[in-house]
Amino acid sequence: MQIEGDAGAVAVAVLRPQWPAPPWVGAAVSLRDGGVSAPPFASLNLATHVGDDPVAVAENRRRLRAALALPAEPLWLAQQHGTGVVDADRLDANRLAADRSGGGPLQGDAAVTWQAGRVLAVLVADCLPVLLARRDGRAVAIAHAGWRGLAAGVLEASVTALDCPGQGLHAWLGPVIGPEHFEVGEEVRAAFCRGDARSQDAFERNARGRWQCDLHGLARQRLAALGVQSVQGERRCSYGLARSFYSYRRDGVTGRMAALIWLNPA
């Protein structure tokens with residue numbers, strides 16, 4: 001996995017997915033280095049809802065946009081751990097509706113676009129970011145897949161929004177809390193196994209009678225059921241690598257990384 005940082009005078013560290021998406025599909029995941037936030041958010045925190053200084057977050061977002069030469073400000077979502085997919089190509093109508101209802105930022109855990117120049121983003125600090133691209137390069141989507149959203153069907157909703165059979169998609173799974181650190185109760189295992197008994201393969205009972213959960217494995221199972229055959233991913237654990245990744249389960253009060261995807265002009 002290539003790690004780069006190039007924002008002129010400011011180095012910003014990001015991961016660049018290695019996957020067979022068309023060359024005009026841009027994608028990246030930010031790491032912790034290169035920002036101005038103070039501990040416990042040090043340093044490239046991109047979330048406004050975690051208690052960080054808003055001025056620092058704004059500067060971090062500016063640096064990320066410069067480092068990646070993004071064609072626009074990312075669409076930052078108010079994530080709900082659900083299955084809502086925001087159509088970025090109807091952004092104006094969606095934002096007006098949110099403003100009228102007092103809802104503030106657009107709520108959702110996934111987004112889709114068919115237009116070049118619109119940047120989709122999700123914020124993560126242990127949850128799984130999933131990037132999706134049509135093989136023909138006509139559209140891309142992104143999903144925030146914590147266990148609740150994954151069990152509820154956020155990947156299924158995202159694939160549906162791309163209006164393409166699974167065989168016509170590429171998927172990339174980003175950094176996530178690994179099974180060695182993600183301990184869950186029986187209710188989490190049951191939420192997956194009720195829908196698909198094969199999900200039990202992603203859970204291993206530990207000495208405390210609870211379960212170690214493999215979110216990557218669960219996502220791959222769900223994508224396979226949707227017919228998505230081209231799946232790549234980044235297996236490094238957000239919990240275990242504090243120098244590179246934020247982790248809510250490890251630190252509690254902490255920042256957020258961003259996964260991003262967009263279409264450049266073909």
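The distance from atom CG of Asn264 to atom CH2 of Trp24, rounded to the nearest 0.5 Å, is 11.0 Å. Summarising the geometry, atom CZ belonging to Arg32 is positioned 5.0 Å from atom OG1 belonging to Thr254; distances are rounded to the nearest 0.5 Å. Atom CD of residue Glu234 and atom CG of residue Leu15 lie 5.5 Å apart, to the nearest 0.5 angstrom. We find the CD-CG distance between Gln221 and Leu155 to be 12.0 Å, quoted to the nearest 0.5 Å. Interatomic distance, CH2 of Trp172 versus CD1 of Ile261, reported as 10.0 Å (0.5 Å rounding). To the nearest 0.5 angstrom, Leu44 atom CG is 5.5 Å from Ser30 atom OG.
Heavy atoms of other residues, nucleotides or ligands lying less than 6.0 angstrom from CZ of Phe182 number more than 12. In the displayed structure, Glu204 atom CD is contacted under 6.0 Å by at most 12 heavy atoms of other residues, nucleotides or ligands. Within 6.0 Å of atom CZ in Arg198, 12 or fewer heavy atoms from other residues, nucleotides or ligands are found, so the atom counts as exposed in its surroundings.
The side-chain heavy atoms of His49 and Arg256, taken from C-beta on, include a pair separated by under 4.5 Å. Put simply, the side chain of Leu91 does not reach to within 4.5 Å of the side chain of Asp89, judged on heavy atoms. At least one side-chain heavy atom of Gln79 sits less than 4.5 Å from a side-chain heavy atom of Val122. Contact of the Val184 side chain with the Phe203 side chain is registered, since non-hydrogen atoms from C-beta on lie closer than 4.5 Å.
For Arg65 (side chain) and Asn60 (main-chain N/O), no donor-acceptor pair under 3.5 Å exists by modelled atom type. The closest donor-acceptor contact from the side chain of Arg222 to the backbone of Leu150 lies under 3.5 Å. Judged by distance alone, with hydrogens and angles left aside, the side-chain atoms of Tyr246 form a donor-acceptor pair with the main-chain N or O of Phe41 at under 3.5 Å. Judged by distance alone, with hydrogens and angles left aside, the side-chain atoms of Ser43 form no donor-acceptor pair with the main-chain N or O of Val36 at under 3.5 Å. Distance alone, capped at 3.5 Å, places no donor-acceptor pair between the Arg148 side chain and the His81 backbone.
In this structure Asp53 satisfies the salt bridge (Lys or Arg N to Asp or Glu O under 4.0 Å) test with no other residue, sequence neighbours excluded.
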Checklist entry - For Thr83 and Asp109, what are the C-alpha separation, side-chain angles and deciding distance, and is it a side chain to side chain donor-acceptor pair (under 3.5 Å)? => result CA-CA 6 Å; Thr83 63; Asp109 285 270; over 6 Å; no
Next on the checklist: Under the criterion side-chain contact (heavy atoms from CB on, under 4.5 Å), I'd like the reasoning laid out for Trp262 against Thr113: C-alpha separation, chi angles, the key distance, then a yes or no.
Outcome noted: CA-CA 8 Å; Trp262 65 97; Thr113 185; over 6 Å; no
Next on the checklist: The test is side-chain contact (heavy atoms from CB on, under 4.5 Å); show your working for Val176 and Asp126 and say whether it passes.
Outcome noted: CA-CA 5 Å; Val176 67; Asp126 284 335; 5.9 Å; no
Next on the checklist: Applying salt bridge (charged side-chain N to carboxylate O under 4.0 Å, His left out) to Asp33 and Arg243, what does each step give before you reach the verdict?
Outcome noted: CA-CA 8 Å; Asp33 289 341; Arg243 183 67 184 84; 2.5 Å; yes
Checklist entry - Between His216 and Leu128, is a side-chain contact (heavy atoms from CB on, under 4.5 Å) present by the stated rule, with each step listed? => result CA-CA 8 Å; His216 256 245; Leu128 175 65; 3.8 Å; yes
Item to check | Verdict with supporting geometry, Phe245 and Arg236, side-chain contact (heavy atoms from CB on, under 4.5 Å) | outcome: CA-CA 9 Å; Phe245 303 115; Arg236 282 188 288 174; 4.1 Å; yes
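The nearest pair of heavy atoms linking Ile142 to Ser158 is O-OG, 4.3 Å. A pairwise comparison of heavy atoms in Leu132 and Ala171 identifies CD2-CB, 3.6 Å as the closest pair. The heavy-atom pair separating Leu120 from Ala111 by the smallest distance is CD1-O, 3.4 Å.
The pair Asp163-Arg134 does not count as a salt bridge, with every side-chain nitrogen at least 4.0 angstrom from each carboxylate oxygen. Using a cutoff of 4.0 Å between basic side-chain nitrogens and carboxylate oxygens, Asp214 and Arg235 are scored as salt-bridged. Contact check on Glu183 versus Arg249 returns no salt bridge, with no Lys/Arg side-chain nitrogen under 4.0 Å from an Asp/Glu carboxylate oxygen.
Cation-pi contact between Arg189 and Trp147: absent, since separation from the ring centre below 6.0 Å together with deviation from the ring axis within 45° is not met.
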